[in-house]
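The structure appears right after this line, and notes come after that.
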Amino acid sequence: MADGQPPRRWQDLTGADRWEVIQQARSKEIPVAELCRMFGITRQTLYRAMAAADEAAQAMDALREVGPGGHYLGCAHTQAHFLDAFWRSD
């Protein structure tokens, strides 16, 4: 988000822009209440986005754990999530 731009709706933000908002909330650079007002969202929506970003960071740990050319079947992240993440079409 470039400075000087008018506030946008949360649903219009790109993933990178949402990440920036989440980082601002975590660093307390801008108070959570102000971020929620700026983007027309509830605190619950922002906190859920922060939790989802944390879960995505776990997958980054899997990337580091496995490394180039490896497979993810034995890594901790896959073992913890494969049952609820598996989807098979009919």
Side-chain angles (χ1 to χ4, degrees):
M1 293 179 320
D3 289 329
Q5 289 184 337
R8 296 181 278 178
R9 298 178 317 155
W10 180 255
Q11 55 267 35
D12 294 338
L13 295 178
T14 65
D17 286 345
R18 284 186 182 194
W19 179 253
E20 187 175 329
V21 172
I22 289 167
Q23 292 304 100
Q24 289 172 337
R26 285 187 177 145
S27 69
K28 298 183 172 81
E29 181 180 329
I30 300 175
V32 168
E34 179 66 14
L35 289 169
C36 291
R37 186 195 64 73
M38 286 170 57
F39 296 101
I41 58 173
T42 63
R43 286 177 185 253
Q44 183 178 18
T45 299
L46 182 55
Y47 291 141
R48 282 185 180 165
M50 291 168 75
D54 288 342
E55 291 172 19
Q58 291 176 6
M60 293 304 296
D61 290 341
L63 292 171
R64 286 191 225 38
E65 178 183 341
V66 172
H71 67 78
Y72 298 91
L73 296 177
C75 77
H77 184 267
T78 300
Q79 293 297 310
H81 296 284
F82 79 96
L83 287 176
D84 58 341
F86 182 72
W87 181 81
R88 179 175 35 188
S89 63
D90 294 330

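- Glu29 contributes atom CD, which lies 8.5 Å from atom CG of Leu35 (distance to the nearest 0.5 angstrom).
- Looking only at side-chain heavy atoms (C-beta outward), Trp10 and Val21 come within less than 4.5 Å of each other.
- When the shell of 6.0 Å around CZ of Arg26 is examined, it contains more than 12 heavy atoms from other residues, nucleotides or ligands.
- Between Tyr72 and Thr78, the shortest heavy-atom distance links the atoms O-OG1, 2.6 Å.
- Taking all atoms of both residues into account, the shortest heavy-atom contact from Arg18 to Gln11 is NH2-CA, 3.4 Å.
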side-chain contact (heavy atoms from CB on, under 4.5 Å) between Val32 and Tyr47, worked out
CA-CA 9 Å; Val32 168; Tyr47 291 141; 3.8 Å; yes

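- Closest heavy-atom contact between Ile22 and Ala49: CD1-O, 3.5 Å.
- The CZ atom of Phe39 sits 9.5 Å away from atom CG of Leu46, with the distance rounded to the nearest 0.5 Å.
- Considering CZ of Arg37 and CD1 of Ile30, their distance stands at 10.5 Å, rounded to 0.5 Å.
- Taking both residues in full, the closest heavy atoms of Ala33 and Arg43 are given as CB-NH2, 3.4 Å, listed atom of the first, atom of the second, then distance.
- For the atom pair CD (Gln24) and CE (Met38), the distance works out to 7.0 Å, reported to the nearest 0.5 Å.
- For Gln44, the CD atom sits in a loose shell: 12 or fewer heavy atoms of surrounding residues, nucleotides or ligands are nearer than 6.0 Å.
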